[in-house]
Amino acid sequence: MREPLKSENDLCWGGKKREYPADVKRWLQVMAERGWTAPTWPECYGGGGLSKARAKVLAEEMARLGLRPALFGVALTMIGPLLLQEGSEEQKRRHIPAIVRGERLWCQGYSEPGAGSDLASLQTGAVADGDDFILNGQKIWTSLADKADWMFLLARTDPQAKKGEGITFLLMDMESAGVTVRPIKLIAGNSHFCETFFTDVRVPRENVVGRINGGWSIAKALLGFERSAIGGMFKKERPEGDPLVALARRYIDASEKEIGDPMVRDRITRIRMDQKRLEFTLARTAENAKAGHKPGPESSILKYYGSELNMRRQELIQSILGPHALGWSGEGVDPREVRMTKEWLRSRGNSIEGGTSEIQLNIIAKRVLGLPE
Amino acid sequence: MSFVLSQEQRLLKQTAGDFVKSRSSLKRIRTLRDSADATGFSRDIWREMAELGWVGMLLPEDDGGSALGYMDLMMVMEELGRGLMPEPMLSTTLLGANAVLLGGSEAQRRELLPAIARGELLVALAYQEPSGRFDPHTVQTTAEPSGRGWKLRGEKCLVLDGHVADRILVSARTSGSIADRHGVTLFLIDPREHGVLVNRQMLVDSRIVASIRLSDVAVDESAIVGEPENGGNLLEAILDRATAGLCAEMLGAMSAAFEMTLEYLKTRKQFGVAIGTFQALKHRAAILYTEIELARSAVMGMNQALDEARPGASALVSVAKVSCSDAFLLAANEGVQMHGGIGMTDEHDIGFFLKRARAAEMTFGDAAWHRRRYAELEGY
Ligand SMILES: Cc1cc2nc3c(=O)[nH]c(=O)nc-3n(C[C@H](O)[C@H](O)[C@H](O)COP(=O)(O)OP(=O)(O)OC[C@H]3O[C@@H](n4cnc5c(N)ncnc54)[C@H](O)[C@@H]3O)c2cc1C
C-alpha cells in the first residue's frame, strides 16, 4: 500500500457492491481491526479510540512510510461524525461499526433538480404510514449512488410548514424496493454521480436522525462536516514532492536550474505559496479545535479557498502541458496526460459541490462578518 | 508547532492593544504629519515602550532584553500596526538591534544592546542604494583601507529613522563588483562623524527616512560588525527578521482598515438599505476576509519557523511578506472603494492605511521580488 495512487479508482471507498484488489481488501481489514480507519472514533463502536494528538501521530507515521489510508468516503467524513454527534444509540450501534469496517458505502441525497443552492426548497416527500415513512420524489447529482449501500437524505415531511421547518433527515437502505438509480455522465467522461428516484419507498421511522420535521439543523451540521472534509482534501503534502516544478522541467525546459519561462515560474510560486498558507490555516484550525476553542471563523474559508486553489493549480498544469493537454484517446496519446486533463475537468466541480463558492462567500459574509441580509 | 496563542501571548496582545488605545490615536498620527514634526514620532511613547520591555524584547536577558521570540513580538507589532504607530521599532528593534545581536562582537553588544533596550539609543540600518531597488547585495558604497582603518564613500537611501538615529549601520563593498553576494562588510558609524550628511525625507505614508551621503568617512577596525566580507549573509538574516516584524505590523494595520470598512458597510445607507446588503460588496468583503486570515496563518507559520530556527524559515518569510503585501493593499484599496467619495478625502482615516500599505509593501522587498526570491531559495 505504498505505491502512489494512479487514480481515484485506486482508493478504497468500501461497500458491498464494489470489487477491490486483494491487497486493498487486506489492508482495509488489517486497519479496520484496530479501528484505524476511524482512529478518533470511540472504541465501543469499533473506532480506534485515539486522542486527536495520537491520531495525528498515526497519520504522520503513515505518511512518512508512504502508506495510504485504507478507507475513504463520505461515511468517514460526513455521516459517521454526524451520527456520532446526533444519532440515537441504536443508530450508532447499527451503522458506526459497519462504517469502520468499510462494509457500507454511503451517498448523500440532498440536491434535487429544483433545489441546489436553495436546498431548503426541496420537494421529495415523506408521508408517515404506521411505523414507516413512504418516500416519493427525486434526487440528483448523487455521487456514487450506483455503488452505494445506504443513503442519507432530506425529505419534506410537513408541506405546510415554512421552508426549513418541515424537513426530516432520513437514513435509507439503497436495496429498498422503489429506489432506482441512473448514472449521469460527467464532462470528464466517467460517471461519478447519478439521478436517484424514489417511488413509494418505505423507510422505517427508526431511521429518522434527530426529530421529525427537525431535519434542517441536522442537515446544516452535516454540511459543516462536508465543508471541512472538502477543505481538508486539498491539504495533501505530497510525499513525492510538488509535481508542478517537475512538470515544468518535463514540458517547458529540462534545465535543473531556473525554470526558463518566468511567467510559469511565477505562477508556480503563487500556487506553492498559497498552498503553504492554506496548510498553515488548516493546521491552525485543527490546533484550535484540539485546544477546545470553538471552530474559529478561519474554518469557514477552507472550503472556498481550498477548492479555488485546486482549480487554479489544475489550470496551471494545463498551461504547462500546452498542446500536450489536448489528447483524449487513440494511439500515441499519453494516458498520463489524459489523466491530468480529466483531473482539470473534474476540478471544475470543486467550486460547485458541497455548496458553491458563491454560497460559501454568502456564509462568510453573514455568519462571520455579520453583514445584513 | 503551535498556532494556538499561549496565555502569556494573549495577555501581551491585550496589554499592547490597551497601550496603543490609551497613548495614541490616528489623530496623533495626523498631527505628527501636519505639524511636520521633526522627529516624526513621540520620544515619550518610545520610552514607555522600552519600559514595557518591548524595545529589547528579542534580546537575551544578559543584554538587557526579555529573551522573547517572534511569535511574542507579533502580539506587540500587530497592535502597533493597528494604530499605525510610527515609533522606531522597525529601525531600532528589528534592524539595528538584530544586526548587533547577530553580528556584533562582545564589546559591541555590551556597549549597544542594553542602551537600545532601555530606549536610550536609536540605531538605523543603511543598506539600500538608489540603483539597487530591493536587493541588499547591490552595494556601490565602498570602504577602502586607509591608515589603520577604513574610508567609506557612497550614497544610501530610504534609511528608516536615519534622521534621528544615534548610530547607523552601513553596508559597504570591501571587494568584488556591484551585485556580488560576497565582499560586503557592515560598519557602525556615528552620524556626527565628519563626512556624514543626513538628509531628512518624508515618505508617502508620512514616516520619516533619511538619504545619507558618505564622503570619505573615516572609521577604524572596531566599527566593523560581523565577519568582514560576509556582510551579505548577515544582511539577509537581519532583513528576514525585520520582515517578520513588519509583516505582523501590516497584519494589524490591514485588520484595522478592514474593520473600519466593515463598519461602514453596516451603517452607510443607499437605496434605503445598508450598503452591506449588496451581494457585490458582500462577496468582496468575504474574499478580503479570507485573504487576511490566510495572511495571518502565513505570519504565524513564519514566526514559528524563525523561533525554532528551522532551515526553511527564509522561504516562509517570503511567503508571509507576499501574503501581507497583497492582502494589505487589497484591504486598503477595497476600503477606499467601499467608502465611496469620503474615502478619497484627506479628512477620512482610510487613506492613511492606503498610504501605509504602499510603503510597507515596498519595504524589504515587494511581492514580486519575494516571489522571485522564494523560487530561488526553493531551487527552481
Ligand atoms: C462533483 C459534484 C458532486 C456532487 N455530489 C453531490 C452529492 O453527492 N449529493 C448531493 O446531494 N449533491 C451533490 N452535488 C450537488 C451540489 O451540491 C449542487 O450542484 C450545488 O449545491 C449547486 O446546486 P445547483 O447545481 O442546483 O446550482 P444552482 O443552485 O442552480 O446554482 C447555479 C449558479 O447560481 C449561483 N447561485 C445560486 N444561488 C445563489 C445566491 N444566493 N447567491 C449567489 N449566487 C447564487 C451558484 O453559485 C451557481 O453558480 C454534487 C455536485 C458536483 C458538481
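A note on names: the letters A, B, ... follow the listed sequences, proteins ahead of strands, and every chain is numbered from 1.
Proximity of a side-chain donor or acceptor of A:Arg284 to a complementary backbone N or O of B:Glu293 within less than 3.5 Å is detected. Side chain of B:Lys282 to backbone of A:Pro372: a donor-acceptor contact under 3.5 angstrom is found.
Across A:Arg270 and B:Arg371, no two heavy atoms sit closer than the pair NH2-NH2, 2.7 Å. Scanning all heavy atoms of the two residues, the minimum distance from B:Ala286 to A:Ala365 falls at CB-N, 4.3 Å. Residues A:Arg272 and B:Tyr380 approach most closely at CD-OH, 3.6 Å, considering heavy atoms. In plain terms, the two heavy atoms of A:Asn288 and B:Phe3 that are nearest each other are ND2-O, 4.4 Å. When every heavy atom of B:Gly276 is checked against every heavy atom of A:Leu371, the shortest pair comes out as O-CB, 3.9 Å.
Within residues 248-269 of chain B, the residues that have a heavy atom under 4.5 Å from a heavy atom of chain A are B:Phe258, B:Leu262, B:Leu265, B:Lys266, listed by number. Contacts between residues 246-257 of chain A and chain B, defined by a heavy-atom separation under 4.5 Å, are made by A:Arg249, A:Glu256, A:Lys257. Identified by a heavy-atom distance below 4.5 Å to chain A, the contributing residues of residues 314-325 of chain B are B:Leu316, B:Ser318, B:Val319, B:Val322, B:Ser323, in residue-number order.
In this structure, B:Glu291 pairs ionically with A:Arg277, as a charged nitrogen and a carboxylate oxygen lie closer than 4.0 Å.
Annotation: A:Trp36, atom CH2; neighbour count of heavy atoms from other residues, nucleotides and ligands within 6.0 Å does not exceed 12. Crowding of A:Arg54 atom CZ: a count of heavy atoms from other residues, nucleotides or ligands under 6.0 Å not exceeding 12.
Here the side chains of A:Asn362 and B:His283 are in contact, with some heavy-atom distance below 4.5 Å. With a 4.5 Å cut-off on side-chain heavy atoms, A:Tyr304 and B:Ile287 count as touching. Between B:Arg372 and A:Arg265, some side-chain heavy-atom pair lies under the 4.5 Å cut-off.
In this structure, B:Gln270 has no side chain to side chain donor-acceptor pair (under 3.5 Å) partners at least two apart in sequence or on a different chain.
Here the straight-line distance linking atom NZ of A:Lys276 with atom CE of B:Met302 works out to 14.0 Å at 0.5 Å rounding. With rounding to the nearest 0.5 Å, the separation of OH in B:Tyr289 from CG in A:Leu361 is 12.5 Å. Taking CD of B:Glu376 as the start and OG1 of A:Thr269 as the end, the distance is 10.0 Å to the nearest 0.5 Å.
The choice from A:Gly370, A:Ala286, A:Ser357 that makes the most heavy-atom pairs within less than 4.5 Å of chain B is A:Gly370. Heavy-atom pairs under 4.5 Å with chain A were tallied for B:Ala285, B:Ala298, B:Ala375, B:Ala368; the largest tally goes to B:Ala375. Ranking A:Asp266, A:Val245, A:Ile259, A:Ile364 against chain B, the residue ahead of the rest is A:Asp266, based on heavy-atom pairs under 4.5 Å.
Neither the backbone nor the side chain of B:Arg284 comes within contact range of chain A; no heavy atoms are under 4.5 Å apart. At a 4.5 Å heavy-atom cutoff, the contact between A:Ile268 and chain B is made by backbone and side-chain atoms alike.
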